[in-house]
Amino acid sequence: MLTSAQIDIIKATAPVVGAHARDITECFYPLMFERYPAVAELFNQTHQQKGTQRQALANALVAYATHIDKLEALGDAVGLIAHKHVSLNILPEHYPIVGECLMEAIGQVLGDAVTPEIADAWGAAYQQLADILIGVEEQLYSAHAQRRGGWRGERQFVIERIEPESEVISSFYLMPVEGERVIDFDPGQYIGLIVNVDGKSVRRNYSLSDAPGKPGLRISVKKELDGEVSGFLHNQAEIGDQVTVIAPAGDFTLPAQPERPLVFVTGGVGITPAISMLNAYISNATQPVIFIHAAVNSRYHAFKSHLEDLAAQHPLLTNFVIYERPKVEDRPDAEGYITREILAGLLPQDKNVDLYFLGPLTFMNTVNSLCDELGLDASQKHYEFFGPAEALQSQASATTEPAEA
């Protein structure tokens, strides 16, 4: 527990640390990877190279310090971080490593400005946050183990089937090696996947793309340019190969009994968790469902036939397609990008819906901005980012942001 004096120190020095937060994280990660190379596999090195992970840590550091005496202001951030940690199998023994290197990075960047009292206060603040996260993560690990078919840590699965969904997205069907029952999960959750790429263990998170209750787990992966794991899965993985799976996590999920009409707005590979939610709900739907998907054209439109079949079978489902650059033979419902007019025309007049959106960040910026313009409040908007969490910007243009593939 932080003392009142330590809280005062954190609040007084938070602006200084915040002003140098990016420099601190630029120092922290190389230091930690050099001193403790085994932890490097827990981090997405693509995000490291792009700098997004470092910026995310800098943002989190500033937010935590700013609200050190009112941690409830952080909202769902702790839960989001805990779910991501659990999906990567982060354990209590990893926290001292991070704490040691983070405090050393602060000292290196700020130099003599870090007095013993300041160092003690920041060390105590880090330990407080670590204790909070360890506690929440233990609850999640225990819950995973207690679910039907659940487990704790890592489990071996085999690739049973590989099916193309578009020119850039393929589905990988995973079955437990030992024939165990497949874990129950909540539609919208993701797994941690560990594969061996050129002798190196690499971890990534992938959304589950089908409803719970199936014989196996399905992920649908876009082949990214220079994507280390997606490239491996698309170019090298074969039926019969074994992969390591960490139990499903994430709180971007669909309630068992939605109380309002549902609207899904997805761009590119952001369709995957929405398909899981839709497949789980539509057969027993009691509320109307509007499914809006944006893609470049039919070549990049994953689950196109599946969505058309579902819409034909279920009167409560409306399937709406937007193509950025349609082929001559394509017949989308709209061309270009999602706009206020498109979204407003599909929403019920009272706008009393729950809207789930996911896709590339620019696409999500646009959708978030449109929701604000149309008067949807925060309780109606549900979203999750690929990669490190970033703040949605409301300034994105509704007419200039592509969906991507």
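Both backbone and side-chain heavy atoms feed into the values below; hydrogens, waters and symmetry mates do not. Heads up: numbering here begins at 1 and tracks the sequence.
- In terms of modelled atom types and a separation under 3.5 Å, the side chain of T66 and the main chain of V62 share a donor-acceptor contact.
- A donor-acceptor contact shorter than 3.5 Å is absent between the side chain of N279 and the backbone of D210.
- Here the rule is side-chain contact (heavy atoms from CB on, under 4.5 Å) with I292, and of V263, L355, D333 only V263 fits it.
- Residues L262 and I290 have side chains not in contact (no heavy-atom distance under 4.5 Å, counting atoms from C-beta outward).
- Side-chain N or O atoms of N368 include none that pairs as donor or acceptor with a backbone N or O of M364 at under 3.5 Å.
- No donor-acceptor pair under 3.5 Å is formed between the side chain of D309 and the backbone N or O of A312.
- Using a distance-only test at 3.5 Å, with no hydrogens or angles considered, no donor-acceptor pair links the side chain of S142 to the main chain of Q139.
- Ring orientation note: the planes of F264 and F291 are tilted relative to one another, at an angle of 30° to 60°.
- For the pair F363 and Y337, the minimum side-chain heavy-atom distance is 4.5 Å or more.
- Salt bridge status for E167 with K222: absent, with no side-chain N to carboxylate O gap under 4.0 Å.
- Checking side-chain atoms of T3 against main-chain N and O of Q6 turns up a donor-acceptor pair under 3.5 Å.
- For K381, the NZ atom is densely surrounded, since the number of other residues' heavy atoms within 6.0 Å is greater than 12.
- In N284, the CG atom is not crowded: 12 or fewer heavy atoms of neighbouring residues, nucleotides or ligands sit closer than 6.0 Å.
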For N205 and S87: C-alpha separation, side-chain torsions, deciding distance, then whether side chain to side chain donor-acceptor pair (under 3.5 Å) applies. CA-CA 7 Å; N205 294 133; S87 75; 2.8 Å; yes
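- Salt-bridge annotation for E154 and R203: present, with a side-chain N of the basic residue lying under 4.0 Å from a carboxylate O of the acidic one.
- The two residues I183 and A247 have their closest heavy-atom pair at CD1-CB, 4.0 Å.
- Annotation for I162 and I159: closest pair CG1-CG2, 3.7 Å, computed over non-hydrogen atoms.
- Note on ring orientation: taking the six-membered ring where Trp is involved, the planes of F172 and H234 are perpendicular (angle over 60°, cut-offs 30° and 60°).
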Between E178 and R155, is a salt bridge (Lys or Arg N to Asp or Glu O under 4.0 Å) present by the stated rule, with each step listed? CA-CA 9 Å; E178 300 299 329; R155 176 168 286 182; over 6 Å; no
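- Note that NZ of K351 and SG of C371 are 11.5 Å apart. Values are rounded to the nearest 0.5 Å.
- In this structure, the side chain of D330 engages the main chain of K327 through a donor-acceptor pair within 3.5 Å.
- Salt bridge status for K304 with E165: absent, with no side-chain N to carboxylate O gap under 4.0 Å.
- Using a 4.5 Å heavy-atom threshold, the side chains of S171 and I219 count as separate.
- A centroid separation of 6.0 Å or more is found between the aromatic rings of Y190 and H83.
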Could you go through T266 and H293, starting from their C-alpha distance and side-chain angles, then the distance that decides it, and tell me whether this counts as side chain to side chain donor-acceptor pair (under 3.5 Å)? CA-CA 5 Å; T266 63; H293 183 62; 2.7 Å; yes
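- Taking a 6.0 Å sphere around CD of E259, one finds it holds 12 or fewer heavy atoms contributed by other residues, nucleotides or ligands.
- Shown here is D198, whose CG atom has no more than 12 heavy atoms of other residues, nucleotides or ligands within 6.0 Å.
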Pair I282, L317 - check side-chain contact (heavy atoms from CB on, under 4.5 Å), show working. CA-CA 8 Å; I282 194 61; L317 173 61; 3.9 Å; yes
Report the C-alpha distance between I106 and F28 in whole Å, list the side-chain angles of each, state the deciding distance to 0.1 Å, and finish with yes or no for side-chain contact (heavy atoms from CB on, under 4.5 Å). CA-CA 8 Å; I106 291 174; F28 160 71; over 6 Å; no
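- Summarising the local packing, CD of E329 is surrounded by more than 12 heavy atoms from other residues, nucleotides or ligands at distances under 6.0 Å.
- Enclosure of atom CD in E93 by more than 12 non-hydrogen atoms of other residues, nucleotides or ligands within 6.0 angstrom is indicated.
- Taking 4.0 Å as the cut-off between side-chain N and carboxylate O, E228 and R204 count as a salt-bridged pair.
- The pair D186-R147 meets the salt-bridge criterion, since a charged nitrogen lies less than 4.0 angstrom from a carboxylate oxygen.
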Assess whether side-chain contact (heavy atoms from CB on, under 4.5 Å) is satisfied between I338 and T366, documenting all intermediate values. CA-CA 8 Å; I338 188 166; T366 298; 4.1 Å; yes
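- The aromatic rings of Y126 and Y95 are tilted relative to each other, their planes meeting at an angle between 30° and 60°.
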Would F357 and H382 count as a ring-ring contact (aromatic ring centres under 6.0 Å, His included) if you check the C-alpha gap in whole Å, the side-chain angles of each, and the deciding distance to 0.1 Å? CA-CA 6 Å; F357 62 103; H382 311 275; 9.0 Å; no
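- If you look at F43 and Y29, their ring centroids are closer than 6.0 Å.
- Aromatic ring centres of Y64 and W122 lie farther apart than the 6.0 Å criterion allows.
- Ring-plane geometry between Y141 and H144 is classed as perpendicular, the angle between the planes exceeding 60 degrees on a 0 to 90 degree scale with a lower cut at 30.
- With respect to the salt-bridge test (charged N to carboxylate O, under 4.0 angstrom), the residues E41 and K200 do not qualify.
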